[in-house]
Amino acid sequence: MMRALFSSVAGLKSHQTKMDVIGNNIANVNTVGFKSSRTTFSTMMYQTTSGASGANAALGTGGVNAKQIGLGANFASTMVTVSTGGAPETTGGAFDLKISDTSSTSFFIVNNGSENLFTRAGAFYVDGAGNLCMESTGYTVMGWQVDANGNIKKDTVSPLKIMSDSNQTSQPEYTSKARCNGILDDNSANVSMDTGYNMNLILYDNLGYAYTAKFAVQIGSQDGQYTVNLTDILDSNGESIITEESGLGLGDLFGTGSSTNAQGSKVDITDNYTMASGMANILKNLATQTQNDGTNTTRTYVFKSEAVNEYLGTKLPEGYTVKYTAPITTGAGIDPNSLTQGLPGTLSSGGPGVTYNTQVKIYNASGADVTADYTDALANPTDNNFIKIVTPQSLAEGWYDNGRLSFEAVDGADYMETTLTDPQLSELNALLGTTETAIEGPVKIRRTVTDAGVQYTFYKDTTQVFGAAEKRYDLLDYIDKSYVEVTATDVNSNNIFTTDLPKDVELQYSVGDGSYKIVTPSTDGFNIQFSTVDGSLTYIGADGSTSQVLQLSKFTNGNFSDIEIDFTNLKNLANSGSSTAAMVGGDADGDGKGKKIGKLSGLSVDGSGKIFGTYDNGNTVLLGQIAVARFANASGLESIGDNCFRTTLNSGEFDGIGVEIDGDGSSISTGQLEMSNVDLATEFTQMITTQRGYQANSRVITTSDSILEELINLKR
């Protein structure tokens with residue numbers, strides 16, 4: 001009977017222990033990463049009252065089993081259900097991490113300062129020193145670091161310091177590629193303006209400083225033709241970097257300096273610069289040279305042959321200059337109406353007894369005086385030879401060639417006819433020289449084609465007008481109406497503008513009214529040719545070329561890279577009179593765009609445990625990788641509290657390196673935590689069976705006690 005008592009006591013103890021395990025499971029039902037345990041019982045030793053005997057064939061008796069009486073139940077083991085994952089809880093936290101296993105059980109590796117421990121609780125945060133740590137304990141999360149080349153070093157795990165001083169910023173990148181995309185519409189007003197259609201390209205040097213390269217596109221003289229020019233490069237303070245100190249000009253960077261197929265179009269960039277206060281007279285003095293001999297005052301003007309040829313139609317070779325010395329009226333500039341004689345020679349001022357001498361000299365491209373070669377032409381100026389004769393016929397021919405006249409056929413007539421516009425009529429009236437004889441509109445013009453050529457005649461009602469009108473233009477007229485070029489070097493050295501001009505721009509100073517215009521050089525820019533069939537790019541600069549290089553590497557400071565600008569996707573199409581062309585940094589994949597220095601703006605973890613830093617310049621940099629541990633017998637780990645485990649002799653050792661989470665297809669999910677894997681239904685069921693077992697064992701004790709009591713009562 002005593003055996004029954006002690007067996008039941010053993011059963012009570014075993015069920016009490018099982019209840020303790022159930023209670024712990026239920027207590028941790030909401031513990032992050034908790035793994036529930038289960039208990040197993042085993043029978044205690046058996047008392048053998050009679051051993052087993054075998055069968056005896058000779059006697060004809062069978063075998064007898066042993067007679068054994070069990071002495072109760074024993075608490076055999078607890079098994080942690082490590083392999084069963086808990087349900088995910090979505091938190092949205094960047095460092096709330098959940099391991100999603102496939103075929104094996106993985107653990108985060110953490111360190112308490114003296115040893116590596118293991119956990120499934122992925123509630124991490126970044127501490128004040130920049131370390132990734134457990135929220136509950138402050139243990140540092142272990143993983144692999146990044147080498148100098150940005151690659152993961154899979155050696156011994158170490159604390160992940162993901163916000164160190166070295167990764168607070170990301171290196172800048174210089175711009176090396178760009179694109180020009182969009183549409184150029186012939187009917188867009190700005191492409192026909194002197195200032196052109198403007199485009200800006202934001203670029204970076206290798207130190208991360210930002211610059212703005214300014215471009216202008218103008219429509220050309222042929223169908224589908226445009227020109228694109230570099231007009232300036234400004235730093236972040238709005239200052240031009242194309243200065244005398246740089247030794248470079250616009251054409252060196254985007255023109256003949258980078259291709260022999262450059263085609264400048266002299267884009268007007270006047271509005272980009274502001275004249276400093278009180279500098280108008282300084283500019284005037286730079287444009288001309290004033291000499292005073294005490295009696296008479298003269299001023300010398302120097303013109304490029306190209307400008308004179310454009311105006312007078314002369315045929316001076318390119319690169320020649322014309323130097324003209326003429327009298328001036330002090331304080332009033334040139335007074336052409338007071339000069340009564342043509343060039344060259346002695347001019348009368350119109351005043352009594354006052355005579356001024358004028359002089360014209362011509363220099364070749366080397367600066368040698370070649371005036372003698374043009375003596376006859378200067379002494380006897382004729383049309384296209386230092387004099388330009390304009391007639392109604394020549395004006396009409398020019399208007400027609402430039403598309404300013406459009407004629408319609410007249411029934412039964414051998415000519416075509418149109419009506420002059422008011423501006424055209426004003427030009428014709430200017431030929432008469434006086435307003436008293438000006439002809440009022442409407443005036444019609446007839447175009448007659450004969451074997452002798454094309455004839456233009458003008459009629460007011462049925463009367464022919466402007467028939468004998470003629471106006472003669474010579475160098476004197478040119479001076480009053482055109483400009484003298486002033487070098488950017490002279491302008492910058494006198495601080496005429498608040499910011500320096502690029503060294504190779506042309507400043508055109510108008511002698512007549514003191515106005516000026518700043519234009520890009522003729523060595524700047526490239527021709528762009530589009531298909532007249534579908535508007536696609538044919539070439540830029542030369543046949544077969546769809547890109548051109550902005551040669552910033554010519555800056556000697558070494559901070560810039562050449563930028564290849566791809567024009568492939570630029571098109572010439574009708575777009576309701578609107579051009580949309582724009583410069584964009586980088587190629588189609590965004591490579592070569594360039595970046596400023598980046599400041600750390602965010603951290604993230606991907607499915608393989610790699611930690612990335614996101615920077616405000618668009619860079620994403622690998623900062624480290626979370627390593628995980630796997631064991632041959634994960635259930636053999638020793639739970640030491642705080643959601644952590646330690647290795648035992650039966651779990652398998654940790655090699656100090658770890659493995660990649662995705663090596664077997666597992667992954668890490670961000671913004672989620674692994675909840676406890678406690679199944680309350682199972683625990684409650686186990687609780688019921690444990691309670692019943694405990695009650696039954698207690699009943700055995702009670703019953704045994706009653707039997708013993710009856711036995712004791714026998715002596716009574």
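If you read the sequence from its start, that first residue is 1, and numbering goes on from there.
Between Leu550 and Leu253, the closest side-chain pair of non-hydrogen atoms falls below 4.5 Å. Annotation: side chain of Tyr615 is not in contact with side chain of Thr620 (no heavy-atom distance under 4.5 Å). Within the 4.5 Å cutoff, no side-chain heavy atoms of Asn206 are placed close to those of Pro172. Looking at heavy atoms from C-beta onward, Ser176 lies out of side-chain contact with Glu564 at the 4.5 angstrom threshold. Using a 4.5 Å cut-off on side-chain heavy atoms (C-beta onward), Ile162 and Leu603 make contact. Residues Leu637 and Val80 fail the side-chain proximity criterion, which asks for heavy atoms closer than 4.5 Å. By the 4.5 Å heavy-atom criterion applied to side chains, Phe631 and Thr647 are counted as neighbours. Side-chain contact between Leu680 and Val29 is present, with heavy atoms from C-beta onward closer than 4.5 Å.
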Quiz item: Could you go step by step and tell me if Thr81 and Asn677 meet the side-chain contact (heavy atoms from CB on, under 4.5 Å) rule?
Solution: CA-CA 8 Å; Thr81 55; Asn677 69 348; 3.1 Å; yes
Quiz prompt | Steps toward ring pair (Phe, Tyr, Trp, His ring centres under 6.0 Å) verdict (Phe95, Tyr125) | solution = CA-CA 6 Å; Phe95 293 110; Tyr125 81 111; 9.4 Å; no
Practice problem: Kindly determine whether Tyr539 and Phe567 satisfy ring pair (Phe, Tyr, Trp, His ring centres under 6.0 Å), including the steps that lead there. | Solution: CA-CA 9 Å; Tyr539 66 83; Phe567 290 81; over 10 Å; no
Exercise. Verify side-chain contact (heavy atoms from CB on, under 4.5 Å) between Tyr139 and Cys133, making sure each step is shown before the conclusion.
Key: CA-CA 5 Å; Tyr139 296 167; Cys133 301; over 6 Å; no
Quiz item: Would Leu97 and Thr670 count as a side-chain contact (heavy atoms from CB on, under 4.5 Å) if you check the C-alpha gap in whole Å, the side-chain angles of each, and the deciding distance to 0.1 Å?
Solution: CA-CA 5 Å; Leu97 308 178; Thr670 59; 3.7 Å; yes
Quiz item: Given Val549 and Ile565, is the side-chain contact (heavy atoms from CB on, under 4.5 Å) satisfied, shown in steps?
Solution: CA-CA 6 Å; Val549 176; Ile565 306 176; over 6 Å; no
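Summarising the geometry, atom CG belonging to Leu203 is positioned 10.5 Å from atom CG belonging to Asn200; distances are rounded to the nearest 0.5 Å. Between atom OG of residue Ser106 and atom CD1 of residue Ile99 there is a gap of 5.5 Å, rounded to the nearest 0.5 Å. Considering CG of Asp662 and OG of Ser100, their distance stands at 12.5 Å, rounded to 0.5 Å. Annotation: the span from Asn633 atom CG to Leu649 atom CG amounts to 12.0 Å, rounded to 0.5 Å. Separating the CG atom in Asn617 from the OG atom in Ser601 is a distance of 8.5 Å, to the nearest 0.5 Å. Interatomic distance, Ser170 OG to Lys596 NZ, rounded to the nearest 0.5 Å: 11.5 Å.
Asn198 and Lys214 share no side-chain donor-acceptor pair at under 3.5 Å. For the residue pair Gln686 and Lys18, a side-chain donor N or O sits within less than 3.5 Å of a side-chain acceptor on the partner. In this model, a donor atom of one side chain and an acceptor atom of the other lie less than 3.5 Å apart for Asp562 and Ser553.
Atom CG of Asp165 has 12 or fewer heavy atoms from other residues, nucleotides or ligands within 6.0 Å. The local environment of OH in Tyr209 is sparse, with at most 12 non-hydrogen atoms from other residues, nucleotides or ligands closer than 6.0 Å. Dense packing is recorded around OH of Tyr211, with more than 12 heavy atoms of other residues, nucleotides or ligands lying under 6.0 Å away. In Glu135, the CD atom is crowded: over 12 heavy atoms of neighbouring residues, nucleotides or ligands sit closer than 6.0 Å.
Panel note: side chain Asn131, backbone Asp127; no donor-acceptor pair is recorded below 3.5 Å.
Nearest heavy-atom pair, Ser536 versus Lys571, reported as atom, atom and distance to 0.1 Å: CB-NZ, 4.5 Å. In terms of heavy-atom proximity, Ser240 sits nearest to Asp232 at OG-OD1, 2.7 Å. Of all the heavy atoms in Val141 and Met134, the pair that sits closest is CG2-N, 4.4 Å. Nearest heavy-atom pair across Ile611 and Leu160 is CD1-CD1, 3.9 Å.
Residues satisfying the side chain to side chain contact (heavy atoms under 4.5 Å, CB included) test with Ala73, not counting sequence neighbours, are Ser14. A search for salt bridge (Lys or Arg N to Asp or Glu O under 4.0 Å) contacts involving Lys177 returns Asp587, not counting sequence neighbours. When the side chain to side chain donor-acceptor pair (under 3.5 Å) test is applied to Thr39, no partner is found at least two apart in sequence or on another chain. By the salt bridge (Lys or Arg N to Asp or Glu O under 4.0 Å) test, Arg120 pairs with Asp101, Glu674, sequence neighbours left out. Taking Gln691 as the reference, Gln695 meet the side chain to side chain contact (heavy atoms under 4.5 Å, CB included) condition, with sequence neighbours excluded. Shown here are the salt bridge (Lys or Arg N to Asp or Glu O under 4.0 Å) partners of Asp664, two or more places apart in sequence or in another chain: Arg630. With sequence neighbours excluded, no residue forms a salt bridge (Lys or Arg N to Asp or Glu O under 4.0 Å) with Asp566. For Arg646, the side chain to side chain contact (heavy atoms under 4.5 Å, CB included) partners at least two apart in sequence or on another chain are Glu115, Leu117, Glu638, Ile640. By the side chain to side chain contact (heavy atoms under 4.5 Å, CB included) test, Pro159 is found to be paired with Thr140, Met142, residues two or more places apart in sequence or in another chain being considered.
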For residues 578-586, run the donor-acceptor check on the side chains, cut-off 3.5 Å, and write out each pair with its distance to 0.1 Å, sequence neighbours left out.
unit_1: Ser579; atom_1: OG; unit_2: Asp185; atom_2: N; d: 3.0
unit_1: Ser579; atom_1: OG; unit_2: Ser188; atom_2: OG; d: 3.4
unit_1: Thr580; atom_1: OG1; unit_2: Ile183; atom_2: N; d: 3.0

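Screening Asn619, Thr175, Asp616 for a side chain to side chain donor-acceptor pair (under 3.5 Å) with Lys595, the sole residue that qualifies is Asn619.
Under the 6.0 Å cut-off for aromatic ring centres, Phe254 and Phe526 qualify, their centroids lying closer than that.
Annotation: ring-ring contact (aromatic ring centres under 6.0 Å, His included) contacts involving residues 635-670, sequence neighbours excluded, comprise Phe107-Phe645, Phe118-Phe654. Sorted by first and then second residue, the side-chain hydrogen bond (donor to acceptor under 3.5 Å, both in side chains) pairs with a member in residues 19-34 read Asn24-Asn28, Asn25-Glu683, Asn28-Thr31; sequence neighbours excluded.
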